[in-house]
Each structure stands twice: as C-alpha cells, then as structure tokens.
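First the structure, in the form of structure tokens, and then the observations on it.
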Amino acid sequence: MANNVYEILKERGFIAQLTHEEEIKRLLENEKVTFYIGFDPTADSLHVGHFLQMMVMAHMQRAGHKPIALIGGGTAMVGDPSGRTDMRRMMTRETIKYNADKFKVQLSKFIDFSNDRAMMVDNSDWLLKLNYVEFLRDIGVHFSVNRMLTAECFKSRMEKGLTFIEFNYMLMQSYDFLVLNQNYGCRIQLGGDDQWSNILGGIELIRRVEGKEAYGMTFTLLTNSEGKKMGKTEKGALWLDAEKTSPYDFYQYWRNVDDADVIKCLKLLTFLPMTEINKLAELKNEQINEAKKVLAYEVTKLVHGEDEASKAKQLAEALFGGGGSTSNMPTTELSADELAGGVNIIDILVRTGLAPSKGEGRRLMQQGGIYLDENPVTAFDFAITRDLFKDNELILKKGKKTYHKLIIK
RNA sequence: GGAGGGGUUCCCGAGCGGCCAAAGGGGGCAGACUGUAAAUCUGUUAUCUGACGAUUUCGAUGGUUCGAAUCCAUCCCCCUCCA
C-alpha cells in the first residue's frame with residue numbers, strides 16, 4: 001500500500017529516525033511540503049552517499065513535495081564534526097567555491113529544477129555576512145552547551161578533541177533551517193542519520209524563534225552488511241562524476257557488491273518497483289548474480305544515463321562472458337614506430353596505469369597477475385611487438401577484472 | 001601561562017644509536033578456491049634495478065656521531081592535567 005511517499009520510503013528502507021512519526025506521515029499525505037537536504041561541498045564531486053540523498057529527494061518530488069537542495073558553501077568553511085574522529089582539514093574559500101559550483105552542476109542533473117519544482121540555494125549567501133555578536137545574541141542564546149555536549153555527534157570527539165569552530169557547526173546548520181523556514185516555508189529537513197543532532201538543533205531553534213513546529217527525518221547511511229560505509233573503492237570514493245570514476249568502474253562496483261547487500265541497494269538506489277525487487281530477492285546462490293546485474297545497470301543508468309549504462313554492461317559481458325564488443329574499454333594507443341622496436345611490458349603497465357610503479361608491475365607479473373590476450377606473462381623483459389596484435393588490438397589484463405586495450409595508431 | 005605525554009611507511013601501532021625500508025594488525029593488490037559474491041588459505045605491499053645493489057623515507061630544520069626513526073637544540077602541531 002505504498003501510495004504515500006512516507007510508505008514508499010519506509011518500505012524501501014530509507015528511514016532511520018523521525019522526529020514526529022504520525023505528524024510527518026499526515027503532513028506528507030495531505031499537503032505539498034517544502035523540505036531541504038544539505039550538501040557540503042567538501043570534495044569536487046558528489047559521491048554515492050549524496051546519491052542516496054538525491055533518491056530521497058526524487059521520491060519526495062514525485063509525490064509532489066518541493067525539495068530545496070542546500071549547498072553548504074558557508075558550512076563547509078567550518079566543517080561538520082559529526083561522525084568524524086578527527087578534525088576536518090580547513091578548506092580555502094576558493095576550493096569551496098569551486099566545489100560548490102561543481103555540485104550545482106551535478107545536482108541539476110538529478111533533480112528537476114524546472115518550473116519551480118525544486119530550488120537550489122547556497123548558505124554562504126546568508127552565513128558569510130553574519131555579524132558575530134548579533135548571531136550570538138539572536139541564535140546562540142537558544143543553545144545549551146550542556147545539552148550539546150551530550151549529543152551523540154560530539155561524544156566521539158570528547159576524547160579526541162573538538163575545537164570551537166566545529167562546535168559551532170550545529171548552530172550554523174540550525175540557523176540554515178530557520179532561514180529556509182522563514183524565507184521559503186521549509187518545514188522538514190532530511191539528511192543522513194549522522195545529521196540527527198544537527199537537524200534536531202534546527203527544529204528546536206525554529207520552535208523557539210518562530211514558535212512553529214518543524215520536522216526532521218533521517219535516512220539510513222549506505223553501509224554494507226559489515227556496517228562499513230559503501231561507496232569506497234581502492235581509489236577512494238565512488239564518484240558520480242564520470243571523469244573521476246568511469247561509468248564502467250561504477251557499474252563494476254555494483255556488479256560486485258556482497259550478496260547480502262544487493263536487495264538493500266536495489267531498494268535504495270533504483271526506482272524499480274517493489275514487486276520486481278521482491279522477485280529478485282527470491283534468487284539464491286549463483287542466481288544472485290542476476291540481481292547484481294540489474295542493480296549495476298539501473299544505478300549506472302540513473303547516474304550516467306542509459307547509453308553509458310548499456311555500454312558498461314556490454315563491456316562487462318564481453319569481458320566476463322565472452323563475445324560482445326570491447327569498444328568501451330579503457331584504451332592506450334601505441335605508435336607503429338615504437339612497436340617496431342618492441343615495447344617493454346613493464347613500461348606499458350605503468351603507462352596504462354595498471355601498475356603505479358615499475359616495481360609494482362614486476363610484482364604483478366611475478367605473481368601471475370598480468371595477461372596478454374588471456375595468456376599469463378611473467379618475463380620482465382617481455383616486449384610487446386606488432387605481431388601480437390589481432391585486428392589492431394591487444395587486450396592487456398591485470399588480475400581477473402581489470403582490462404585495458406592497446407591499439408596501434 | 002605551567003607540568004607531563006606524543007607526532008613512525010595507505011590507516012592503527014611497535015621500535016628508542018648499527019642486525020630498520022622499519023615488528024604486528026587493518027586495508028589494498030595478486031594467486032588458489034568460487035558465482036565478476038562472501039569466507040578461507042598463500043604471496044605481496046617506498047622508488048630505481050633481471051638480480052647483486054643503489055637511492056629517498058620515521059612532524060620541520062640544524063647538530064653530535066664512523067653510523068640516527070632512535071641522542072642534542074630550535075621550531076611547528078596534537079593530547080592530558082593544572083591555571
């Protein structure tokens with residue numbers, strides 16, 4: 001019976017905590033509500049954690065509610081201590097500005113901002129011009145330090161140390177909610193579950209300043225069955241920017257998630273109807289691979305578009321299943337001239353990025369992790385020459401899953 | 001401001017004049033087994049070299065010494081207690 005967004009979100013496993021379950025449910029059922037989610041531009045690309053937030057926004061928007069995407073250009077200057085055991089590195093204004101601009105572009109791809117169906121605001125617009133004393137008198141008075149210190153988000157920091165600048169983060173985020181409430185009638189703040197304390201701060205502030213009730217809802221953090229945050233790869237985070245994480249790598253990440261996490265991810269990160277997901281949930285053992293394929297394709301489609309998703313899928317099938325085209329594989333061109341003399345395999349490994357250093361390249365070869373057209377290569381002085389190429393291409397493989405194509409220019 | 005304790009390789013964390021490119025764990029990578037999964041086992045994990053070996057690393061800069069991550073000086077940063 002998932003007619004109402006609340007039910008949808010609940011059924012799909014998004015919801016972690018609610019400030020007022022009944023009221024929120026009623027509100028979402030009967031009214032068009034303006035809500036917000038904040039994104040602090042601490043990197044130059046959104047990642048999967050943000051994607052989950054955007055899925056929520058999209059579900060809400062589909063139900064007729066109006067999202068405000070808040071870019072934390074101002075809050076990023078301070079740094080949110082929540083869920084952190086150490087202090088964030090201070091970022092320069094320039095970096096934040098740069099990141100914020102990137103965020104804006106990416107967000108526009110996922111949320112429909114046309115016809116006033118959603119808005120995007122940047123809290124640097126109001127935070128940066130605040131007057132310190134005024135802020136303390138108007139906003140600071142409403143916060144009890146005693147209470148703040150008992151908040152979960154500061155507890156872990158009590159041991160490691162917490163500076164005053166970070167301590168203020170909560171006030172700033174609370175103030176954001178107040179501003180959005182006053183200017184745009186925003187009544188609900190959503191966020192990851194790590195934002196719970198900060199959200200409560202805002203609700204409390206609105207109640208005290210405006211005498212109005214505001215609401216908060218947090219969502220499960222995307223963690224795997226071991227409780228670790230998902231979306232991390234050996235190269236760092238799994239970015240939504242194709243320049244930083246290629247659609248193929250992105251696809252492969254989901255293709256390779258743990259069995260235990262597939263269904264959860266399908267619910268959270270795709271729009272597949274629950275009936276279909278439930279069917280996939282029936283699969284056992286090997287068959288789970290089918291569910292993973294669906295997951296990988298759907299998520300990649302949402303993030304990179306149908307074309308890229310199909311390409312990634314085809315490439316994966318070509319490599320792992322045999323057949324299909326290799327046209328979307330990362331490629332390096334070699335000139336006929338250099339091939340004439342033979343090009344050392346280790347140099348190629350470094351050049352293609354399959355190995356970060358020559359030493360690493362040798363190690364890979366020693367351990368039998370390097371293949372040329374599926375044949376292991378172990379001789380360090382092996383030279384790649386023209387006659388190895390078939391149809392002008394040669395497939396270089398590192399381990400079982402990383403492929404690179406060489407072509408003659 | 002005073003007293004004490006620290007800053008070690010991707011992370012945690014040992015080392016406290018030579019045997020240290022630095023124990024152990026985590027993570028990563030590769031191999032075996034598999035289902036492009038998990039678990040497990042094995043190897044590996046600064047750079048250059050086919051190898052011997054060479055070079056740059058232990059907060060920063062100088063110094064002592066035949067020789068320093070280890071001792072000294074100054075500086076920067078973090079933590080704890082006192083004010």
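A, B, ... follow the sequence lines: proteins, then strands. Residue 1 opens every chain. Worth knowing before you read on, the calculation uses all heavy atoms, side chains too, and leaves out hydrogens, waters and symmetry mates.
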(request) Count the heavy atoms belonging to other residues, nucleotides or ligands that lie under 6.0 Å from NZ of A:Lys267, then report whether that count exceeds 12. (result) yes

(request) Grab the CG-P distance between A:Asp259 and B:A39 for me, whole Å please. (result) 11 Å

(request) Map A:Thr402 and A:Val350 onto RNA chain B by nearest heavy atom, then report which one ends up closer to the 5' terminus. (result) A:Thr402

(message) What is the distance, to the nearest angstrom, from the NZ atom on A:Lys397 to the P atom on B:A30?
(response) 11 Å

(request) Kindly compute the distance separating CZ (A:Arg386) from CD (A:Glu338), expressed to the nearest 0.5 Å. (result) 11.5 Å

(request) Answer yes or no on whether A:Lys313 is positioned over the face of A:Tyr297, meaning its NZ or CZ is under 6.0 Å from the six-membered ring centre and within 45° of the axis. (result) yes

(request) Evaluate the side-chain proximity of A:Leu280 to A:Leu272: yes if any heavy-atom separation is below 4.5 Å, no if none is. (result) yes

(message) Strictly under 4.0 angstrom, non-hydrogen atoms only: write out the protein contact profile of nucleotides 41-47 of chain B, one letter per nucleotide from the 5' end, B, S or -.
(response) --BSS-S

(request) Between B:U45 and B:A22, how far apart are the C1' atoms? Round to whole Å, please. (result) 14 Å

(message) Is there a side-chain contact between A:Lys401 and the phosphate of B:G35, meaning an N or O under 4.0 Å from OP1 or OP2?
(response) no

(message) Using the P atom as the point on both nucleotides, what is the distance between B:G4 and B:A73, in whole Å?
(response) 13 Å

(message) Please name the nucleotide paired to B:U74 by Watson-Crick or G-U wobble geometry with both distances under 3.5 Å, or report none.
(response) B:A60

(request) Find the distance A:Ile263:CD1 to B:A38:C1' and express it as a whole number of Å. (result) 16 Å

(message) Between B:C81 and B:C29, how many Å separate the two C1' atoms, rounded to a whole number?
(response) 45 Å

(request) Quickly work out the A:Arg362 CZ to B:C29 C1' distance and round it to whole Å. (result) 17 Å

(request) State yes or no: are the ring centers of A:Tyr175 and A:Phe135 separated by less than 6.0 Å? (result) yes

(request) Let me know the distance between NZ of A:Lys264 and C1' of B:A37, rounded to the nearest Å. (result) 15 Å

(message) Between A:Lys10 and A:Glu21, is the salt bridge (charged side-chain N to carboxylate O under 4.0 Å, His left out) condition met? List the steps.
(response) CA-CA 11 Å; A:Lys10 191 163 184 180; A:Glu21 181 161 4; 3.5 Å; yes

(request) Return the value, rounded to whole Å, for the distance between atom CD1 of A:Ile346 and atom P of B:C48. (result) 10 Å

(message) Can you confirm whether more than 12 heavy atoms, excluding those of A:Phe380, are under 6.0 Å from its CZ atom?
(response) yes

(request) Round to a whole Å and report the spacing from CE of A:Met365 to C1' of B:C29. (result) 16 Å

(request) Using a cut-off of strictly less than 4.0 Å between a heavy atom of the residue and any atom of RNA chain B, enumerate the qualifying residues of residues 288-297 of chain A by number. (result) A:Ile288, A:Asn289, A:Lys292

(request) Take atom P in B:U55 and the same atom in B:C19, then report the distance between them in whole Å. (result) 15 Å

(request) Please state how far atom CD in A:Gln287 lies from atom P in B:A37, giving the value in whole angstrom units. (result) 17 Å

(message) Measuring only the C1' atom in each nucleotide, how far is B:A21 from B:U57? A whole number of Å is fine.
(response) 8 Å

(request) Taking only Lys NZ, Arg NE, NH1 and NH2, and the carboxylate oxygens of Asp or Glu, determine whether A:Lys293 and A:Glu290 approach each other closer than 4.0 Å. (result) yes

(message) Can you confirm if the aromatic rings of A:His65 and A:Phe35 lie within a centre distance of less than 6.0 Å?
(response) no

(message) Is there a side-chain contact between A:Tyr371 and the phosphate of B:G31, meaning an N or O under 4.0 Å from OP1 or OP2?
(response) yes

(request) Quote, to the nearest angstrom, the C1' distance that separates B:G31 from B:G17. (result) 41 Å

(request) For B:A37 and B:G43, measure between their C1' atoms and round to the nearest Å. (result) 22 Å

(request) Identify whether any heavy atom of A:Ala379 sits under 4.0 Å from a base atom; if not, whether one sits that close to sugar-phosphate; answer base, sugar-phosphate or nothing. (result) nothing

(request) Could you tell me how the ring of A:Phe250 sits relative to the ring of A:Trp254: parallel (under 30°), tilted (30 to 60°) or perpendicular (over 60°)? (result) perpendicular

(request) Measure from the side chain of A:Lys398, starting at C-beta and using heavy atoms only, and say which of B:A51, B:C29, B:G35 lies closest. (result) B:C29

(message) So, does A:Lys400 get its side chain near the phosphate of B:A32, meaning an N or O under 4.0 Å from OP1 or OP2?
(response) yes

(message) On RNA chain B, does the nearest nucleotide to A:Gln252 precede the nearest nucleotide to A:Gly399 from the 5' side, or the other way round? Give the residue.
(response) A:Gly399

(message) Taking pairing as Watson-Crick or G-U wobble with both contacts under 3.5 Å, can you name the mate of B:A30, or confirm there isn't one?
(response) B:U42

(message) How long is the straight-line distance from NE2 of A:His50 back to CZ of A:Phe103, given to the nearest 0.5 Å?
(response) 4.5 Å

(request) Please measure how far the P atom in B:G35 lies from the corresponding atom in B:G24, and state the result in whole Å. (result) 34 Å

